[in-house]
Amino acid sequence: MYSLKILALVFILIGSFLLLLPNESLSSPFSLSDPSSYTNFLEKRYSEHHEFYEYHEFHDSNEYHEKSYNIKITKEPYAPDGFKRDIYLVNGQFPGPLIECNKGDVLVINVENCLNEDTTIHSHGIFQRDSPWYDGVPGQTQGGIPSNETFTYKFKVDQSGTYWYHSHSRAQYIEGLLGPLIVHDPQDPYLHEYDEEIIVILQDWYHTDSKTLLATFLTPESEGNEPDPDNGLINGKNSYNCSWAPNGSKCDSDAPLANFKLVYGKRYRFRIINTSAFATFIFSIDDHPLDVIEVEGMMTKRHTVHRLPINIAQRYSVIVKADKPKKKYWMRSEMESACFAAPATNLNPLIKAIVEYEGCDNKDPSSTAWSDDVENCVDLNVTDLKPYKPQNVPKVDRKIEITINFKPDENNVTMGYINNSTYKIDIKNPTLYKVYDDVKTFDTDQNAFILEKDCEVIDIILKNEDGGEHPFHLHGHVFWLLGIGVNGTTLDYDKLNTKDPIQRDVTTVPAKGWAVLRFVADNPGVWGFHCHIEWHVQSGLVAQFVELPDKIKKLNPPEDWKALKSKIKEY
Ligand code: C2O
C-alpha cells in the first residue's frame, strides 16, 4: 500500500515535469548520419533568426566543393544609426552579406570594385595555405583592385569557426567595408549542444569620413590621440542623439536597435565579432549567462561568463540558453571608453540591442545589467580558457622580440614604432611580388622578419612601452598565447603556460605590458603582424613575416594576381 502510494507520487511528479517542458524539443533536430537534415538545420537557423543575412545554399559533402559569392562594392549615403553619411556598402548592404562555407570547401569571392579608388578584401583569420596571394593586404600581398575592375579570391578553407572579411586598404573597413565569414564544421564538438546560430557584429562608428579623421590624427597637434568614435553599432544598428550632430546634418534620432528573437527552450550559439576601428567592448545579455566555446576558430572547454570583454578583430562563440521568463532583455555592448587616450564627448558608450522571446508582450526591456566586475582594457582572462582538445605545444626554436612604442617623427607627428621603426607601406611593390623577384633583403621601414627554416617554432615576445593597450593580429596563423602580463609584471619564461594555452589570432597586449605568442613557421607566405586599431595601422604599428621564401617561390601564383602589380597607382 505504502509503496503503491510512492509509485503514484512518482508518476504524478514525472507527469507534471513533462508538462512543464517547453513545446520545442531540446534535442538537436538532425543527425550527422543524415546529411539532408544537416542542410535543413542550417537553413532554418539562418532564415528564421536572421534579420538581414540571407541563407545561401549550404554544401555538405566530404568532397571538395566550391562556394562562390559575388560582391559588389559601392559608396553610398547610408544612416545605420540615423545619421546619414557616405559609407561603403557590400551588395548594397551594411554590414556586408554573410559569407559562409563548410570546412574543406573552396571559397570563391568575386569582387567588383565600383568605387573610384582601389580596394582589397582580406579574409581575417583564414590561413591561406598555398594561396598567400589571396590574403588581401596592399603593400604586402597584392596590388589593390583598381577602380571599376574585378578580382577573384579563391582559396581552400581547411579550418572552421567565426571569421570576418574586411578591406585592408586605407581605413575603408571602418566605414563599412566588412562582413561576417563563417566556416561550418560538421564535426564541431558542440554541434549537438545548440539549436540555432546568431551572428552579432559589434563595432564603433564615426560620423566623419576616415580621410578627414586621418588627416587630423596625423598632425603634431593630435599628439597621437586617436579620434574618438561618435557611436557604436550592433549588427549595423543603433540610435543616436541628433542634438549632438553638427548643424545641417541629416539625422533621425529614432533609428531602430537590432532585435534578436529567441524561442523559449532553444539554445543559441551567438558568434560575436568586434569589427571596430578603435574600441574594445564588454558584451553581455541581461540575466543570460554566456558559455564560451570558441575563440577565433579554436574550440574551448565551456567557460561561463556574464560579461565578455572583446577587443578589435577578436571573435567568440558563446552558447546561450533561452530559458528565462518570456520577456524582452537588453543586449549590451559597453564601449570601454576608459581606454581612449582622449576622453570622449557626445558619446553614449552603452550600445544596446533587444533580445526578445517569441510570444512575449511588447513592453520595452526592464532588465538590469550583470553586476560582475571585469578589469578594464584587457582581454578575457586567458587562463580561464582551455582548448577543447589537449595539445602538444612544441618547444621554441627562435625568439623574436618586438617592442612597440609611440613617439614624434621628424615632422613632430606621433607615429607607432616596431623595434624603433615605423612601417611605411610600399604600395608600388608589395612584399610578395618582391619575393618572386628574388629580393632577399627588405628596407628597414618594411619591418620584415624573415623566417627561413621550415617548421621553426617562433616565439614573438611582444613588449608594449606605450600607455595604451593594443590588439595585435597575426595573419596566416593562430598562435598559442603563452602568457600576458599587465603593467608592473615581469616576463618569466619558466612561468609561461606551455601546457594548455589557447590559440587565437588576435591578442591584447596591455598598456605597458607584454605578451608571448608561439607559432610554427609552416605556412609559406607574407603575413602581416599589426595592431588592429585602424589608426595605428595608419601610423605605422605594422610588421610582416616573410615566411619560407623558398617554398613561396615553388607555389605558382595566378596570372590575374601578377597583373594587379602593373596596375598599381599611388594612393
Ligand atoms: Cu583584420 Cu590585417 O587584419
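In each ligand, atom 1 is the first atom listed, and ligand 1 is the first ligand listed. Throughout, residue positions are numbered sequentially from 1 according to the sequence presented.
Taking the six-membered ring where the residue is Trp, His124 and His475 present tilted rings, their angle falling between 30° and 60°.
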- Step-by-step side chain to side chain donor-acceptor pair (under 3.5 Å) determination, Glu226 to His536: CA-CA 9 Å; Glu226 301 81 2; His536 298 168; 2.6 Å; yes

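At atom 1 (Cu) of ligand 1, the angle from NE2 in His166 to ND1 in His124 is 120° when rounded to 10°. Rounded to 10°, the angle formed at atom 2 (Cu) of ligand 1 by His168 NE2 and His475 NE2 is 110°.
Screening Trp164, Tyr206, Phe94, Tyr165 for a ring-ring contact (aromatic ring centres under 6.0 Å, His included) involving Tyr173 leaves a single residue, Trp164.
Metal site remark for atom 2 (Cu) of ligand 1: His122 contributes no N, O or S atom at a distance under 2.8 Å. At a cut-off of 2.8 Å, His473 is not counted among the residues with an N, O or S atom near atom 2 (Cu) of ligand 1.
In this structure, Arg85 satisfies the cation-pi test against Trp205, with its NZ or CZ atom closer than 6.0 Å to the six-membered ring centre and inside 45 degrees of the ring normal.
Atom NE2 is the N, O or S atom of His530 at the shortest distance from atom 2 (Cu) of ligand 1.
For the residue pair Thr119 / Gln172, a side-chain donor-acceptor distance below 3.5 Å is found, with atom types taken as modelled.
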